[in-house]
Protein chains: 2
Amino acid sequence: MTTEKLDAIDRKIIEVLQRDGRASNVELAAQIHLSAPQCFRRVKSLEERGVLRGYRALVAPQTLGLGVTAYVSLNIAGEAFDRVREVETLIRDFPEILECHTVSGDCDYLLKVVAQDLKSLSQFLTDRLMQIKGVDDVRSMICLEEIKPPSPLPVRD
Amino acid sequence: MTTEKLDAIDRKIIEVLQRDGRASNVELAAQIHLSAPQCFRRVKSLEERGVLRGYRALVAPQTLGLGVTAYVSLNIAGEAFDRVREVETLIRDFPEILECHTVSGDCDYLLKVVAQDLKSLSQFLTDRLMQIKGVDDVRSMICLEEIKPPSPLPVRD
DNA sequence: ACTGAAATCGCGTCAAC
DNA sequence: GTTGACGCGATTTCAGT
């Protein structure tokens, strides 16, 4: 992914597509005051350069029966540092883990997890996550209220 | 949003659109072995019922000059409980705050924040967040490595 | 009532200027 | 960077089950 400069038009395209990922090419072109073929080329270029990495439908988790979201922190046990890559692969393979980063601070990993309910979350944590050799100190923060929903990245003008 | 049952076809549609939010109606119809008008009606219904809440382009933050992601926890000072709604409104209005939940555990709020670099994150935390009356005990976990990128919700079959 | 065939209209896409 | 043309897809209507 090249980190070359995006001009004002590129940024406007990104802004619109972050809000409406299904905007048709002509809608988009109209909004940014560009001809349709121009607009089309811009979008393709942004996709090829890896700026636009894909498009996704946003789904309400509740409607899929996923009533609980939690952030879960964990560490890798000192004696298991050689198993780090293995643990990371296992983490990636759990569909209920939506996101995972290594982070600075008191814990090594921070995960975003969804589950049907508290019972099923608890089962996931104890029967799956904590069963992984090398995983230590699992702590969870259950999401109570969504104050700000997942939002588009800010686009500097 | 009605929480009525989704059948196997609905779930398949959701699965595909979570992976490719720009899939055309005919592509979608072909993948789920349905006629185009049928498929179209299903999608519209899912949108109207609030199951599909929108579509979004995924953007690589680095290409927008956003080199740093962090999770930030904070509390509301004991004497400022009456200002909670006010604080939440301020939080919602910061574009660099991508997401915010109240959570169980040691902290009250957990935020996902992006910034250009560490300096700019630090400025945001000290000059913006910590300036909010009632905000207390701001701690940040800087994301070091992305182990698993934001992923679609699991769809139970 | 629900399905799919068909028909229309507009858009995506490419090529030429 | 714009115009024009072609073909396909989106969307509606309608007839059949």
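Below, read A as the first sequence line, B as the second, and so on, with proteins coming before strands; counting in each chain starts at 1. Heavy atoms only: backbone and side chains are in, while hydrogens, waters and symmetry mates are out.
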Engineer: Charged N to carboxylate O below 4.0 Å: is that the case for E47(B) and R42(B)?
Structural biologist: no
Engineer: Can you see whether R41(B) engages S45(B) through a side-chain donor-acceptor pair at a distance of less than 3.5 angstrom?
Structural biologist: no
Engineer: Name the residue from I13(A), D10(A), I14(A) that meets the side chain to side chain contact (heavy atoms under 4.5 Å, CB included) definition with V155(A).
Structural biologist: I14(A)
Engineer: Testing the basics here: between A80(A) and G134(A), what is the closest heavy-atom pair and its distance to 0.1 Å?
Structural biologist: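 Here A80(A) and G134(A) meet closest at CB-CA, 3.5 Å.
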Engineer: Salt bridge check: are K112(B) and E99(A) linked by an N-O gap of less than 4.0 Å?
Structural biologist: yes
Engineer: One character per nucleotide, please: for nucleotides 1-13 of chain D, 5' to 3', B when the base has a protein heavy atom closer than 4.0 Å, S when only the sugar-phosphate does, - otherwise.
Structural biologist: BBB-----SSBB-
Engineer: Hydrophobic side-chain clustering at under 4.5 Å (ILVMFWY, transitive links): who's grouped with V103(B)? Put none if nobody.
Structural biologist: Y71(A), V103(A), L110(A), M141(A), Y71(B), L110(B), M141(B)
Engineer: Assess the side chains of Y109(A) and E145(B): does a donor N or O sit below 3.5 Å from an acceptor N or O?
Structural biologist: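 Side chains of Y109(A) and E145(B): no pair found under 3.5 Å.
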Engineer: Hey, where on DNA chain C does chain A first and last touch, going 5' to 3'? Cut-off is any atom under 4.0 Å from a heavy atom.
Structural biologist: dC11(C) to dC14(C)
